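Everything numeric here is computed off the predicted structure, so don't read it as measured data. Just follow the structure's listing: the first ligand is 1, and inside any ligand the first atom is 1.
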Amino acid sequence: MNTPRPTTGRVKEVTSLTNPIVKDIRLLEKKRHRDETGTFLAEGMKLIIDALDNGWTIRTLVYSKAGKGNDSVEKLAARCLAGGADILIVSEKVLGAIARRDNPQMVMGVFEQRWSRPDAIRPEDGDVWVALDRIRDPGNLGTIIRTVDAVGAKGVVLIGQTTDPFATETVRATMGSIFAVPLARMEENAFVGFAGMWPGMVAGTHLKGAVDYRKPDYASGPVLLVMGNEQAGLTDALAGACNVLIRIPQAGRADSLNLAIATGVSLFEIRRSALTLGEDELGEDEKA
Ligand code: SAM
C-alpha cells in the first residue's frame with residue numbers, strides 16, 4: 001500500500017553526499033531518472049517563486065545553510081513546506097554537488113514536469129506556436145523557449161526524438177521561461193496530422209524555401225512555425241506538411257543560420273505587429 005503524502009512537508013539538514021535524498025536529486029542529471037520520476041531541477045530564488053506563482057508543483061526545496069536566517073529564503077521555505085514540499089538544508093559542498101558547478105545558486109527546487117496534451121492545443125487568431133523537428137542541442141532548445149516566451153508566442157511542439165527540455169542545461173538556458181511556455185511532444189506522423197488540421201498558416205523554414213520570410217501575411221490567423229533539425233533540416237514529410245516554405249535571405253559565406261537564431265528572426269517578423277514599445281518607453285523623437 002502507498003503511504004499517503006503528508007499535507008505539509010518535512011525539513012531535513014544534510015551534510016553528506018551519500019545521503020539517499022541527495023543521491024536521488026543528483027541522479028536528476030540523467031534523463032532516465034527525470035523520465036522515471038517525472039521531475040527536474042531548477043535553480044534560483046526568483047525562478048522558483050515565479051514557478052510557484054504559475055502553479056507549478058515543487059517536491060523538494062534545497063537551500064544552503066547560508067540561507068538560514070535570510071528572510072526571503074525562509075519565507076519561500078515556509079511557502080513550500082505548507083504546500084507539501086520537503087525542505088533540504090545542505091552544506092555548500094552538497095549544494096555544489098547537486099548543481100554540479102562552482103558558485104551554485106543558494107536555492108534549488110525539484111519540480112514536477114508538465115506536458116501539454118496535443119488535443120488541448122486550440123489555436124486562435126493571433127496565436128503562434130513553434131514546432132521543432134528532432135532538435136538536438138540543449139542550448140538551442142533553451143534559447144528558443146526563452147524567445148518564444150519573449151515574443152508572446154503560445155508554446156512549443158517537439159517532434160520526434162529531441163533533446164530533453166527538462167535537462168538542467170536547457171532549463172538554465174530558458175532563464176525561467178520553462179515555467180511560462182507550454183510544451184507538447186509528438187511523433188512525426190502525428191505532427192503531420194496535427195499540421196493538416198491547423199486552422200491557419202503552417203510556415204516551414206527551409207534553405208530551399210521560395211518565399212522571403214517577410215512576405216506572408218502572418219496576421220490573418222494562427223501561425224504554426226516549423227523549424228528543421230540542426231544537421232539535416234526539415235524532413236520531406238514535414239516540409240510537405242507546411243503550406244508555405246519561407247527563407248531568411250543571407251549574404252556572406254555561411255550556409256545557414258543557427259537554429260535558435262533562425263527561430264528568433266522568424267518569430268520577431270511573425271509577431272511584428274503585436275510587439276510595440278509602450279508610450280512611456282519611446283524616445284522623444286519617436287513620440288507622435
Ligand atoms: N544543413 C541543414 C539544411 O540543409 O537544412 C541546415 C540546418 S539549419 C542549421 C537548422 C534550421 O534552421 C533549418 O532547418 C531551418 O529551419 C532554419 N534555418 C537556418 N537558416 C535558415 C535560413 N536562411 N532560412 C530559413 N531557415 C533557416
Side-chain angles (χ1 to χ4, degrees), residues 118 121 123 127-165 167 169-170 173-174 177 181-196 198 200-273 275:
I121 301 174
D127 288 359
V128 179
W129 278 75
V130 176
L132 302 169
D133 175 18
R134 297 161 298 152
I135 180 167
R136 305 301 312 165
D137 184 87
N140 276 346
L141 180 54
T143 305
I144 291 172
I145 292 171
R146 182 179 178 184
T147 310
V148 162
D149 184 15
V151 300
K154 294 293 173 189
V156 171
V157 177
L158 300 174
I159 310 169
Q161 284 289 316
T162 67
T163 189
D164 181 9
E169 191 185 343
T170 310
T174 72
S177 294
V181 173
L183 301 173
R185 54 189 162 182
M186 293 176 211
E187 288 309 321
E188 186 182 83
N189 276 347
F191 180 79
V192 170
F194 175 80
W198 187 262
M201 187 186 303
V202 182
T205 51
H206 205 289
L207 299 185
K208 294 194 181 127
V211 178
D212 184 310
Y213 78 113
R214 293 162 293 194
K215 287 283 180 276
D217 172 15
Y218 298 111
S220 56
V223 177
L224 181 56
L225 175 69
V226 191
M227 305 299 303
N229 164 270
E230 288 98 335
Q231 276 80 42
L234 282 179
T235 63
D236 290 346
L238 291 176
C242 298
N243 42 44
V244 58
L245 290 181
I246 55 174
R247 179 152 50 103
I248 304 165
Q250 292 181 209
R253 292 184 49 204
D255 291 340
S256 63
L257 295 167
N258 158 277
L259 169 62
I261 298 284
T263 309
V265 170
S266 306
L267 278 176
F268 273 92
E269 182 60 27
I270 294 168
R271 294 279 297 155
R272 175 189 286 271
S273 59
L275 300 170

What protein heavy atom is closest to [atom], reported as residue, atom name and distance in Å?
atom: atom 10 (C) of ligand 1; result: Asn229 O, 3.6 Å
atom: atom 11 (C) of ligand 1; result: Gly228 O, 3.7 Å
atom: atom 18 (N) of ligand 1; result: Ala262 CB, 3.6 Å
atom: atom 5 (O) of ligand 1; result: Gly233 CA, 3.3 Å
atom: atom 2 (C) of ligand 1; result: Gln231 O, 3.3 Å
atom: atom 7 (C) of ligand 1; result: Glu230 O, 3.4 Å
atom: atom 16 (O) of ligand 1; result: Thr205 OG1, 2.6 Å
atom: atom 24 (N) of ligand 1; result: Ile248 N, 2.9 Å

Option among Val226, Asp212, Leu225 that satisfies the side chain to side chain contact (heavy atoms under 4.5 Å, CB included) test with Ile246: Leu225

When Arg272, Glu269, Arg271 are each screened for side chain to side chain contact (heavy atoms under 4.5 Å, CB included) with Val151, the one that passes is Arg271

Can you name the nearest heavy-atom pair linking Ala237 to Glu188, along with the distance? CB-OE1, 3.5 Å

Do you know which two heavy atoms are closest between Arg136 and Thr163, and how far apart they sit? O-CB, 3.3 Å

Just wondering, do Trp129 and Pro222 contact through their side chains at under 4.5 Å, heavy atoms? no

To which of Ile261, Leu257, Val265, Asp137 does the heavy atom nearest atom 20 (N) of ligand 1 belong? Leu257

Gln250 and ligand 1 - part of the residue with a heavy-atom distance under 4.0 Å: side chain

If you measure from each non-hydrogen atom of Leu207 to ligand 1, which part falls under 4.0 Å: side chain, backbone, both or neither? side chain

So Thr162 and Leu132, side chain to side chain contact (heavy atoms under 4.5 Å, CB included) or not? Walk me through it. CA-CA 8 Å; Thr162 67; Leu132 302 169; 5.9 Å; no

Side chain to side chain contact (heavy atoms under 4.5 Å, CB included) for Thr235 and Ile159? Distances and angles first, verdict last. CA-CA 11 Å; Thr235 63; Ile159 310 169; over 6 Å; no

Which of the numbered atoms in ligand 1 are under 4.0 angstrom from any heavy atom belonging to [X]?
X: Arg247; value: 24 (N), 25 (C)
X: His206; value: 25 (C), 26 (N)
X: Met227; value: 16 (O), 17 (C)

Yes or no on side chain to side chain contact (heavy atoms under 4.5 Å, CB included) for Phe191 and Leu238, after CA distance, side-chain angles and deciding distance? CA-CA 8 Å; Phe191 180 79; Leu238 291 176; 3.5 Å; yes

For a side chain to side chain contact (heavy atoms under 4.5 Å, CB included) check, start with the C-alpha distance between Phe194 and Leu224, then their side-chain angles and the critical distance, and finish with the verdict. CA-CA 10 Å; Phe194 175 80; Leu224 181 56; 3.9 Å; yes

